[in-house]
Enquirer: 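Quick one: the structure is below, and I'll ask about it shortly.
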Amino acid sequence: MNSSMETKWQKRWEDAGVFEAVPSEKQAFFVNVPYPYMNGFFHLGRSFTFLRADVVARFKRMEGYNALFPFAFHCTGTPIVAAAQRVAEEEEKQIQILKEMGIPEEIIPEFSDPVYWTEYFPEEGKKDLKRLGMGVDWRRTFKTTSLNPHYDAFVQWQFRRLKDMDLVGLGEHPVIWCTKCKSPVGDHARLEGEGETPQEFTLLKFRFNDSYLMAASLRPETVFGQTNMWVDPDLEYVKAKVNGETWIVSRPCAEKLSHQNKAVEILDTIKGEELLGKTCIAPGIDREILILPSGFCDPNKGTGLVTSVPSDAPDDWMGLYDLQEDPELCTKYGLDIEHVRRVQPIAIITSKGWGDFPAVEICKKMHIESQYDRENLEKAKKEIYKSGFYTGRMNKNCGKYAGMKVEEAKDLIRQELIDGGKADIMYEPSGHVVCRCLTPSIVKIVKNQWFIKYGDSLWKEKAHRAVEKMEYYPETVRKQFHYVVDWLNDWACTREFGLGTRLPWDQKWVIESLSDSTIYMAFYTFYQLIKDVDPDTITDEVFDYLLLGKGDPNSIAERTGISIDILRKSKEEFDYWYPFDVRTSGKDLVQNHMTFCIFNHVALFPEEKWPLGFAVNGWVMLDMQKMSTSRGISLFLREAMDKYGADTTRITLMYGGEGIDDSNWDTQFADTIGSKLEAWQDFAVETYRTGRKDIKYIDRWFESVVNATLVDVTEAYRQMNFRTALQKGFFDMQRYLRWYLRRCDEPNNQVISDFIEIQTKVLAPIVPHVCEEIWENLHKEGFISLAEWCFPNHEKIDHAVIQVEEFVEQVIDDLQEIVRVAKIENAQKAYLYTAEDWKWEVVNLVRNERDVKSAMQKAMQSELVRQHGKEAAKFIPKVVQERIFPQQINEEDVLQEAEDFISCEVGLKMEINPEYDPQNKKKAAMPGKPGIYIE
RNA sequence: GCGGGGGUUGCCGAGCCAGGUUAAAGGCGAUGGACUCAAGAUCCAUUCUCGUAGGAGUUCCGGGGUUCGAAUCCCUGCCCCCGCACCA
């Protein structure tokens with residue numbers, strides 16, 4: 001429902017180019033956000049991050065900086081392409097998603113073209129952001145990928161430079177792969193198994209005659225507990241020549257291995273049944289173990305053979321248990337039941353919460369009845385694995401690994417087995433993945449995969465230096481960045497398909513979406529100047545000049561044909577704006593994008609162009625519930641604005657939270673805050689330049705308290721603590737205002753007018769539309785968006801005056817409480833007695849004393865106090881223990897002055913310091929707390 | 001398990017770094033009152049327990065300690081959230 005008022009101001013800002021930032025004498029302030037991926041409309045969450053950038057830019061602008069806030073759109077990667085493909089195939093689910101977004105049905109077919117997405121959503125997104133009143137310099141806006149040749153050239157430059165520095169290299173990389181499509185299967189291209197990734201298994205080799213039975217294990221450390229081998233009697237396994245050895249595996253496994261750097265040649269087949277009752281040699285322990293039948297060997301998982309560790313694997317325990325309880329089955333397969341029953345679990349790991357045989361225990365605990373209770377067994381497996389891995393230690397049965405943490409032993413054991421030729425490696429998807437073509441996916445090792453070498457230790461060192469120099473909002477995330485820099489490893493930076501920039505020296509690769517977006521903040525600084533230049537002329541030496549200051553602009557201009565003017569101006573903009581001051585983002589990007597940004601900057605730019613600051617925020621919750629599209633708990637920015645308009649949406653978002661904790665969209669707040677803003681608008685416009693001329697004490701109080709608050713508010717804005725800024729800058733100030741108006745029937749003209757300006761300016765970064773409207777109605781020149789910030793006037797902060805007013809409030813509270821508690825009916829008159837001088841003398845004397853004894857000594861030095869020796873002896877301990885140390889004021893004068901007000905507030909007549917004292921209340925008076933008698 | 005952040009009065013959420021002015025801001029909700037024909041909005045008061053004189057008692061996840069004094073500092077236990085990747 002954006003009001004026409006909001007639209008009006010948005011148009012005026014645009015017409016006046018208020019947010020089109022141009023280098024000037026002023027100090028630059030450059031804030032930006034990670035550009036959003038454009039496969040839909042903006043949700044409240046993203047909008048929150050963007051809005052924080054807008055608010056800080058608006059604040060800085062008022063603070064006197066030349067603020068730049070640019071925006072762009074990210075289209076790199078596969079989701080858009082895949083979604084478009086789905087639309088082309090008229091897939092119901094995808095079309096439903098678009099419909100639910102509110103896309104008109106008739107244009108949905110257009111979405112079968114990925115390019116259409118990159119045009120439609122940025123355009124719509126831009127509309128939404130404008131409607132929210134975002135102060136973006138839209139001249140600098142661009143989209144990514146080769147669809148934008150200028151950006152394309154920029155990313156190519158970046159990668160060539162990285163390669164020159166040997167920070168990009170080749171390696172191998174496992175990916176989820178479809179054998180039918182002969183391509184990797186990204187999340188988007190999966191019918192099933194989103195989020196699943198390649199997982200490494202240790203392939204254990206069990207000597208069996210002249211060949212090896214192979215079993216895939218995720219827990220190589222449990223080799224010490226192997227008791228037997230499981231096969232599926234009904235399954236036909238293959239004997240295959242793999243890298244010169246003969247392996248026995250399932251047929252699908254042989255196929256998979258051939259995609260994982262192994263030469264596989266199938267020689268023969270062998271039925272599972274033929275293996276039963278025979279033995280093989282278990283690796284790691286070199287022990288002869290029995291081959292037994294089970295129902296859980298899956299030819300499509302691992303090798304189709306499973307090594308059995310009944311102590312720690314619930315499946316194995318149940319398999320063994322079932323068999324030992326079933327003599328008939330044993331007979332069927334010609335197994336000696338006694339022989340089978342002799343197979344017993346071996347204790348190998350001691351872990352928190354479990355005895356020697358965790359698998360046995362958990363099966364009992366969960367009442368698992370057989371090896372076919374798959375669901376519970378999966379749960380049990382997870383739990384045992386977790387506690388075993390994280391809390392377990394290898395026990396005495398584990399040879400030289402005894403006593404070692406499982407976490408450490410695991411890798412060592414795995415490596416020893418591999419080095420000793422007793423094991424190999426294979427990959428499987430971490431869960432079931434099915435390609436859209438209905439083929440189950442496998443893992444393929446892609447060779448010649450390009451990596452960015454974030455694992456490089458020298459590079460890390462430099463990145464740490466940058467992390468250390470930067471500012472963070474909030475500061476707590478600094479540690480997180482240091483941690484991520486250490487933890488980050490080489491990053492596969494190319495993909496075989498999707499939108500993006502081609503890897504310049506190996507054109508079959510597309511640069512992946514997190515890798516083409518690490519230094520583009522620099523691109524904002526001059527994009528508006530070069531976007532009409534023929535992209536073919538923008539060569540590396542152009543970027544070398546603009547970004548690194550290399551080369552001579554005149555000769556570059558000559559060689560490329562780009563006008564020297566454009567080159568010079570672009571360079572000037574870059575040097576003026578860069579480095580950026582703050583990049584603000586959701587916390588999800590800390591561990592990848594934000595850290596990549598640091599890495600790439602320190603590699604490519606000189607130190608003075610390294611990022612200066614990061615701001616990180618949490619997720620937006622919806623009325624305390626986590627947003628989740630699938631559960632229907634989500635709100636598009638445009639939906640919020642339809643209902644509440646821009647300013648209310650803005651203030652609700654900004655009041656929702658700050659810092660790295662999740663913030664909350666409070667619908668109730670949104671429902672009510674609009675009318676409060678309107679009330680402020682009405683008040684401001686009606687009251688401005690009205691009121692009395694003379695100055696009263698309460699005017700000074702109001703100015704004191706407003707300016708004191710302003711100190712905090714300004715600091716809160718600087719720290720990007722916008723919730724606090726609102727709390728103090730709006731709610732607290734409004735409370736003071738109410739008190740002020742109550743206290744003096746008519747406000748002072750100057751004081752109230754100043755306040756109206758201050759309050760409006762304080763709100764301006766967050767609710768700019770209504771503030772512009774007020775500003776105009778106050779007949780102020782120009783936009784409030786460009787007005788100077790209301791810096792606190794420290795001279796107006798008078799702490800004594802603030803204390804005096806606290807005293808008055810205290811007296812009113814006491815009066816009210818007495819009437820209430822004592823249930824005095826028809827109370828008529830209050831008699832107030834201020835503390836006697838000698839009590840003040842005590843307070844002043846013992847102000848810095850902490851223990852009663854020395855306070856007593858000190859106070860008793862005073863003649864005046866000594867005169868009240870007996871009373872003083874009681875009074876002094878009380879003062880010290882209860883820390884009654886107010887600054888001395890003339891309470892009688894204050895009460896006289898405030899008499900009418902207090903009297904009116906409490907509905908009692910008053911008499912101050914009268915002789916009449918029927919209940920001896922005069923003695924009860926304390927400094928800061930007069931004695932009171934009411935009748 | 002590792003790394004990070006937490007556990008505050010009905011809910012949300014300040015305070016904690018720099019111990020005392022903290023029964024503990026503010027918002028929301030609730031209750032009472034004013035206004036109103038009425039509702040809403042607005043304003044005032046109350047909202048841990050007890051209390052016919054401004055007070056007292058018990059509180060800031062549990063336990064212990066330091067201190068004249070602890071929500072705040074130290075030790076310890078329990079619990080919760082986020083991340084642990086190749087994905088935008």
Enquirer: State the CG-CD distance between A/Leu589 and A/Gln591, to the nearest 0.5 angstrom.
Expert: 9.0 Å

Enquirer: If I take atom CD in residue A/Gln449 and atom C1' in nucleotide B/C86, what distance separates them, rounded to the nearest angstrom?
Expert: 9 Å

Enquirer: Measure CD/A/Glu882 against P/B/U22 and give the value in whole Å, please.
Expert: 13 Å

Enquirer: For B/C79 versus B/G69, give the span between their C1' atoms, rounded off to a whole number of Å.
Expert: 30 Å

Enquirer: Between A/Tyr655 and A/Phe730, is the gap from one ring center to the other below 6.0 Å?
Expert: no

Enquirer: Using the side-chain heavy atoms of A/Trp491, tell me which of these nucleotides is nearest: B/G54, B/A88, B/C86.
Expert: B/C86

Enquirer: Which part of the nucleic acid, if any, lies within reach of A/Arg735 when heavy atoms closer than 4.0 Å are counted: base, sugar-phosphate only, or nothing?
Expert: sugar-phosphate

Enquirer: Between B/G19 and B/G13, how far apart are the two P atoms, rounded to whole Å?
Expert: 26 Å

Enquirer: Kindly say whether the aromatic ring centers of A/Tyr831 and A/Tyr916 come within a distance under 6.0 Å.
Expert: yes

Enquirer: Who is the Watson-Crick or G-U wobble partner of B/C11, with both distances under 3.5 Å?
Expert: B/G27

Enquirer: Counting only side-chain N and O atoms of A/Arg820, is one of them less than 4.0 Å from OP1 or OP2 of B/G54?
Expert: no

Enquirer: Among B/C87, B/C12, B/G4, which is the nearest nucleotide to the side chain of A/Gln480?
Expert: B/G4

Enquirer: Does A/Asp662 reach a base, just sugar-phosphate, or nothing at all? Heavy atoms under 4.0 Å.
Expert: nothing

Enquirer: Considering only NZ, NE, NH1 and NH2 on the basic side and carboxylate oxygens on the acidic side, decide whether A/Asp814 and A/Lys929 come within less than 4.0 Å.
Expert: yes

Enquirer: Given B/C87, B/G26, B/A53, identify the nucleotide with an atom nearest to the side chain of A/Ile934.
Expert: B/A53

Enquirer: The side chain of A/Lys479 is closest to which nucleotide in this list: B/G5, B/G27, B/A88?
Expert: B/G5

Enquirer: More 5' along RNA chain B: A/Lys626 or A/Ala925, using each one's nearest nucleotide?
Expert: A/Ala925

Enquirer: B/G5, OP1 or OP2 - any side-chain N/O from A/Thr476 closer than 4.0 Å?
Expert: no

Enquirer: Pick base, sugar-phosphate or nothing for A/Lys410, based on heavy-atom distances below 4.0 Å to the nucleic acid.
Expert: nothing

Enquirer: Could you let me know what B/C50 is paired to, Watson-Crick or G-U wobble, both distances under 3.5 Å, or none if it's on its own?
Expert: B/G55

Enquirer: Hey, are the side chains of A/Phe121 and A/Phe73 touching, using non-hydrogen atoms and a 4.5 Å cut-off?
Expert: no

Enquirer: Rounding to an integer number of Å, can you tell me how far A/Ile651 CD1 sits from B/G27 P?
Expert: 13 Å

Enquirer: Provide the Watson-Crick or G-U wobble partner of B/C17, both distances under 3.5 Å; none if there is no partner.
Expert: none

Enquirer: Categorize A/Pro474 for me: base, sugar-phosphate, or nothing, with a 4.0 angstrom heavy-atom threshold over every strand shown.
Expert: nothing

Enquirer: When you measure from the side chain of A/Asn489, which nucleotide among B/C28, B/A85, B/G55 comes out closest?
Expert: B/A85

Enquirer: OP1 or OP2 of B/G15 less than 4.0 angstrom from a side-chain nitrogen or oxygen of A/Lys728, does that happen here?
Expert: no

Enquirer: Please determine if a side-chain N or O atom of A/Lys878 lies less than 4.0 Å away from the OP1 or OP2 oxygen of B/G55.
Expert: no

Enquirer: Which nucleotide in the set B/G3, B/G54, B/G51 lies at the smallest distance from any side-chain heavy atom of A/Ile818?
Expert: B/G54

Enquirer: Could you give the distance separating B/U8 and B/U72 at their P atoms, to the nearest angstrom?
Expert: 14 Å

Enquirer: Could you state the atom-to-atom distance from CD of A/Gln810 to P of B/G55 in whole Å?
Expert: 8 Å

Enquirer: Hey, could you give me the NE2/OG distance between A/His43 and A/Ser634, rounded to the nearest 0.5 Å?
Expert: 5.0 Å

Enquirer: So if I take every side-chain heavy atom of A/Asn592 and compare against B/C87, B/G54, B/A85, which nucleotide ends up nearest?
Expert: B/C87

Enquirer: Counting the atoms with a prime plus P, OP1 and OP2 as sugar-phosphate, which does A/Leu514 contact under 4.0 Å by heavy atoms, base, sugar-phosphate, or nothing?
Expert: base

Enquirer: So what does A/Arg393 touch, heavy atoms closer than 4.0 Å: a base, only the sugar-phosphate, or nothing?
Expert: nothing

Enquirer: Taking the same atom, C1', in B/C35 and in B/A45, what whole-Å distance lies between them?
Expert: 15 Å

Enquirer: With a 3.5 Å limit on both atom pairs, tell me what B/C84 is paired to, counting Watson-Crick and G-U wobble, or say none.
Expert: B/G1

Enquirer: Determine the Euclidean distance between corresponding C1' atoms of B/A14 and B/G26; express it in Å to zero decimal places.
Expert: 7 Å

Enquirer: Tell me what A/Tyr933 touches on the nucleic acid: a base, only sugar-phosphate, or nothing, going by heavy atoms under 4.0 Å.
Expert: base

Enquirer: Classify A/Asp490 by what it touches in the nucleic acid, base, sugar-phosphate, or nothing, heavy-atom distance under 4.0 Å.
Expert: base

Enquirer: Using whole Å, report how far CE of A/Met926 lies from P of B/G54.
Expert: 14 Å

Enquirer: If each of A/Trp619 and A/Ser675 is mapped to the nucleotide of RNA chain B with the nearest heavy atom, which maps nearer the 5' terminus, i.e. the 5' end?
Expert: A/Ser675

Enquirer: Heavy atoms under 4.0 Å, any strand shown: does A/Gly931 hit a base, just sugar-phosphate, or nothing?
Expert: base

Enquirer: Heavy atoms from C-beta onward define the side chain here; which of B/G27, B/C44, B/C86 lies closest to that of A/His173?
Expert: B/C86

Enquirer: Under 4.0 Å between a side-chain nitrogen and a carboxylate oxygen: does that hold for A/Lys922 and A/Asp917?
Expert: no

Enquirer: Rounded to the Å, how far apart are A/Ile673 CD1 and B/G29 P?
Expert: 12 Å

Enquirer: Distance only, no hydrogens: is a donor on one side chain within 3.5 Å (strictly under) of an acceptor on the other, for A/Asp486 and A/His464?
Expert: yes

Enquirer: Looking at A/Arg723 and A/Asp661, is any side-chain nitrogen of the basic one under 4.0 Å from a carboxylate oxygen of the acidic one?
Expert: no

Enquirer: Is there a side-chain contact between A/Arg738 and the phosphate of B/C43, meaning an N or O under 4.0 Å from OP1 or OP2?
Expert: yes

Enquirer: If the C1' atom of B/G54 is compared with that of B/G64, how far apart are they to the nearest Å?
Expert: 38 Å

Enquirer: Please state how far atom CZ in A/Phe41 lies from atom P in B/A88, giving the value in whole angstrom units.
Expert: 22 Å

Enquirer: Picking from B/C12, B/G4, B/A45, which would you name as closest to the side chain of A/Arg742?
Expert: B/A45

Enquirer: Which listed nucleotide (B/G51, B/G26, B/C87) is nearest to the side chain of A/Arg495?
Expert: B/C87

Enquirer: Base, sugar-phosphate, or nothing: which does A/Lys929 touch, judged by heavy atoms less than 4.0 Å apart?
Expert: base

Enquirer: Would you kindly give the CG-to-P distance between A/Leu622 and B/C12, to the nearest whole Å?
Expert: 16 Å

